[in-house]
Amino acid sequence: CGGDLTIEWLGNTPCGDPLSFSHNVAVIPAEAPVVTLTDSLFQACEESTLTIQPSLTNPYDNMVYQWQKSTDGFNFNPIPTANTLSITFENLMDSDAGFYRLTYGNDGNNNACLFTSPILEVDVLSKSSTTVNATICNEGAFDFNGTLLNQSGTYQAILTNAEGCDSIITLLLQVEDPKFSNTTAHICEGESFDFFGQNLVTPGDYSTVLTTETGCDSTVYLKLTVGEPSFYSYEITLCQGLTYDFNGSIISSPGTYRDTLLNAEQCDSIITLEVVFTDAWRTSLSDTICEGTPFDFFGQPLSNTGKYR
């Protein structure tokens, strides 16, 4: 620090004996070394490299340096590996944020020769990342930061966020092919089928183009069949006192009756029944047999002359 000064006092004790003592005083030169910083706040993006390079005037011949760090700006601890005028942060992390100062001089064991720089702050700015999902139709294109994409895949672009650091955009692009579907429908004559707003009454093949949730074409093909009703009529004659089961309905009087069922085409099958009742009928039979030869009268063998019923 400019050398040591020795001061020696000479004198006598009250008894007249000679007395002397000396004292070494460190002398600091008038122009001490001065460290100057370009700023009090240094900002850099995470994972980048930050170098703080102070300027030094009036250096000693043999300078020593020690950087110190604090989390609150008051209590500082030395950084063992930071022993040069400048300090460099490789691959900057959030843990590097904080307050720093530099002690410097030419004698680390003599506090009178050590000086302290102004306090500076290191602020670590964050990068950002975003994932975007997008779907386009197979004949379209997606504008991704000025690049037109038309194939499914994962794409990335590096932009700059509001803090001036990297903003990584990841795009997951899906190219959707046209969709096709087939369906069938069956109606009966006189009915209509609603095919996405079209009322169809004639058998045939139809199609319509819809739009999916992603805005792409979806074509629906329809095969429509039309069935016809069928009609059947018949008549029965019943003896008085008898009944007839007509599809679950018991008929005991003459008349015309109708019921509607489903035919093979699942359309109406209309059945008409005409019921006629008649009185009991009689007929007379006569026959001659030879003696010893019986007559079969509805299972009853007759061998004697007479009237039977």
Side-chain angles (χ1 to χ4, degrees), residues 135 137-139 174-309:
T135 301
C137 305
N138 68 333
E139 295 181 355
Q174 178 67 40
V175 179
E176 183 177 292
D177 292 328
K179 296 184 181 299
F180 303 93
S181 61
N182 296 281
T183 187
T184 60
H186 179 78
I187 60 174
C188 296
E189 190 176 86
E191 298 176 341
S192 64
F193 182 78
D194 184 356
F195 184 52
F196 300 101
Q198 302 178 65
N199 289 319
L200 307 178
V201 296
T202 305
D205 295 321
Y206 301 88
S207 66
T208 188
V209 179
L210 307 178
T211 301
T212 65
E213 293 180 355
T214 55
C216 300
D217 289 347
S218 175
T219 304
V220 180
Y221 295 96
L222 168 68
K223 186 175 186 62
L224 180 65
T225 57
V226 179
E228 297 181 354
S230 58
F231 302 91
Y232 177 65
S233 299
Y234 67 100
E235 178 181 315
I236 63 169
T237 301
L238 299 176
C239 295
Q240 292 290 346
L242 297 181
T243 60
Y244 182 75
D245 185 346
F246 182 48
N247 295 327
S249 297
I250 305 301
I251 297 174
S252 59
S253 59
T256 301
Y257 299 88
R258 291 182 177 84
D259 195 8
T260 301
L261 306 178
L262 290 178
N263 59 21
E265 294 184 340
Q266 297 301 302
C267 295
D268 287 347
S269 176
I270 301 174
I271 301 174
T272 302
L273 170 66
E274 190 74 27
V275 178
V276 177
F277 279 85
T278 183
D279 293 332
W281 53 273
R282 295 180 181 181
T283 186
S284 296
L285 297 175
S286 63
D287 201 355
T288 300
I289 61 173
C290 297
E291 185 176 352
T293 301
F295 180 80
D296 185 359
F297 184 59
F298 298 101
Q300 180 182 2
L302 304 177
S303 58
N304 296 319
T305 301
K307 291 182 179 180
Y308 298 91
R309 65 178 183 180

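We use all heavy atoms of the structure for the numbers below, so side chains are in, but hydrogens, waters and symmetry mates are not. For reference, positions follow the sequence shown, starting with 1.
Atom CG of D259 and atom CG of D268 lie 10.5 Å apart (nearest 0.5 Å). The distance from the CG atom of L224 to the CG atom of L200 is 6.0 Å, given to the nearest 0.5 Å. Atom-to-atom distance recorded for Q174:CD and T135:OG1 is 6.0 Å, nearest 0.5 angstrom. Atom NZ of K179 and atom SG of C137 lie 10.5 Å apart (nearest 0.5 Å). From L222, atom CG reaches atom OG1 of T183 across 6.0 Å, with rounding to the nearest 0.5 Å. With values rounded to the nearest 0.5 angstrom, L302 atom CG is found 14.5 Å from K307 atom NZ.
Within the structure, ring-ring contact (aromatic ring centres under 6.0 Å, His included) contacts touching residues 213-233 (residues at least two apart or in different chains) are Y232-Y234. For residues 238-259, there are no ring-ring contact (aromatic ring centres under 6.0 Å, His included) pairs, not counting sequence neighbours. Counting only residues at least two apart or in different chains, side-chain hydrogen bond (donor to acceptor under 3.5 Å, both in side chains) contacts with residues 185-204 comprise H186-T225.
In terms of heavy atoms, P294 sits closest to P301 at CB-CB, 4.2 Å. Pairing each heavy atom of F193 with each of I187, the nearest pair is CB-CG2, 3.9 Å.
With contacts defined as side-chain heavy-atom distances shorter than 4.5 Å, the pair L273/I251 qualifies. The shortest side-chain heavy-atom distance between T272 and T256 falls under the 4.5 Å cut-off. Taking 4.5 Å as the limit, every side-chain heavy atom of P254 sits out of range of all side-chain heavy atoms of V276.
Side-chain atoms of E265 come within 3.5 Å of backbone N or O of E228 as a donor-acceptor pair.
Just one residue in the list T260, N263, L261 forms a side chain to side chain contact (heavy atoms under 4.5 Å, CB included) with I270, and that residue is T260.
Looking at T243 and S252, their side chains never bring a donor and an acceptor atom within 3.5 Å of each other.
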